[in-house]
Amino acid sequence: MSDTSGAEPPRSREAFERAVEVLSHKERTEAELGAWLAGRGFEPAEIEAAVELLVETGGLDDERFARQFAADKRELRGWGPGRIREALAARGVDRDLIEAALAGDGRGAQLERALDLLERRGEAPLDGAARGRALAFLARRGYDSELAHDAVRAAERRAA
């Protein structure tokens, strides 16, 4: 006999409550939250119901997460778009949302961030070995090779 009272099954309610609790400590993506709930033994239907309700009520928003994550990583860590893109994809964020979060980051701002990173590193790229280390450093931070080369050349001019 099915429940026609419209009441939420207790296990679905528990999944929702656990999701709200974990989101109060750390924002997550839909995929991360789903994996977290699955790791605690909730069934796919229970997870789907909890995620849907959180999306409907605004408690879970991958677009908001992607924008904030990108801004934080740019400002606090100096990450370039490549590294941000990879990190968001690894968290299960949709490609279109990732690209939208990266859209406002112009080349000029990226170049300034890359230069700032090089200056904070404290090693002027004035010889071949230092230049190579600087390029590799910027590549690890997610900057494309053309921008990394431009930043290294600008750092060389500043140091000279």
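- Under the 4.5 Å side-chain heavy-atom criterion for grouping Ile, Leu, Val, Met, Phe, Trp and Tyr, Phe65 is connected to Ile84 within one hydrophobic cluster.
- Atoms CD and CD, from Glu27 and Gln68 in turn, are 7.5 Å apart once rounded to the nearest 0.5 Å.
- Although no hydrogens or angles enter the test, the distance criterion places a donor-acceptor pair under 3.5 Å between the side chain of Arg64 and the main chain of Gly58.
- Of all heavy-atom pairs spanning Val152 and Ala134, the tightest one is CG2-CB, 3.8 Å.
- Taking a cutoff of 4.0 Å between a charged side-chain nitrogen and a carboxylate oxygen, Arg67 and Glu63 qualify as a salt bridge.
- Cluster membership check: Leu138 does not share its hydrophobic cluster with Trp79, using side-chain heavy-atom separations under 4.5 Å among Ile, Leu, Val, Met, Phe, Trp and Tyr.
- For the atom pair NZ (Lys73) and CG (Leu88), the distance works out to 9.5 Å, reported to the nearest 0.5 Å.
- For the atom pair CD of Glu86 and CD1 of Ile98, the computed distance is 10.0 Å after rounding to the nearest 0.5 Å.
- Contact of the Arg95 side chain with the Arg85 side chain is not registered, since no non-hydrogen atoms from C-beta on lie closer than 4.5 Å.
- Without hydrogens or angle criteria, Thr29 side chain to Arg91 main chain gives a donor-acceptor distance under 3.5 Å.
- Here the CG-CZ distance, from Asp116 to Arg121, works out to 13.0 Å after rounding to the nearest 0.5 Å.
- Under 4.0 Å is where a charged nitrogen must lie from a carboxylate oxygen, and between Glu75 and Arg113 no such pair does.
- To the nearest 0.5 angstrom, Asp62 atom CG is 12.5 Å from Phe69 atom CZ.
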* Asked: Can you list the steps and then say if Arg107 with Glu146 is a side-chain contact (heavy atoms from CB on, under 4.5 Å)?
  -> CA-CA 11 Å; Arg107 183 171 171 75; Glu146 184 180 334; 3.8 Å; yes
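- Residue Leu53 holds its CG atom at 10.5 Å from CG of Leu60, rounded to the nearest 0.5 Å.
- Atom CZ of Arg153 is surrounded by more than 12 heavy atoms from other residues, nucleotides or ligands within 6.0 Å.
- Of all heavy-atom pairs spanning Leu23 and Gly59, the tightest one is CD1-O, 3.8 Å.
- Panel note: side chain Arg141, backbone Arg77; a donor-acceptor pair is recorded below 3.5 Å.
- Residues Leu102 and Arg74 are in side-chain contact: their nearest non-hydrogen atoms beyond the backbone lie under 4.5 Å apart.
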* To do: Determine, stepwise, if the pair Phe137 / Arg133 fulfils side-chain contact (heavy atoms from CB on, under 4.5 Å).
  => CA-CA 6 Å; Phe137 172 73; Arg133 286 189 297 274; over 6 Å; no
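- Of all heavy-atom pairs between Ala151 and Ala114, the closest is CB-CB, 3.8 Å.
- Taking every heavy atom of both residues into account, Ala15 and Ala50 meet most closely at C-CB, 4.0 Å.
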* Any chance you could lay out the side-chain contact (heavy atoms from CB on, under 4.5 Å) test for Tyr143 and Leu117, step after step, and finish with the verdict? => CA-CA 11 Å; Tyr143 293 94; Leu117 285 171; 3.8 Å; yes
* To do: Dump the intermediate steps for side-chain contact (heavy atoms from CB on, under 4.5 Å) on Glu46 and Glu14, then the final yes or no.
  => CA-CA 9 Å; Glu46 297 162 342; Glu14 182 184 349; over 6 Å; no
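- One hydrophobic cluster, built from ILVMFWY side chains closer than 4.5 Å, cannot hold both Val55 and Leu97; they sit in different ones.
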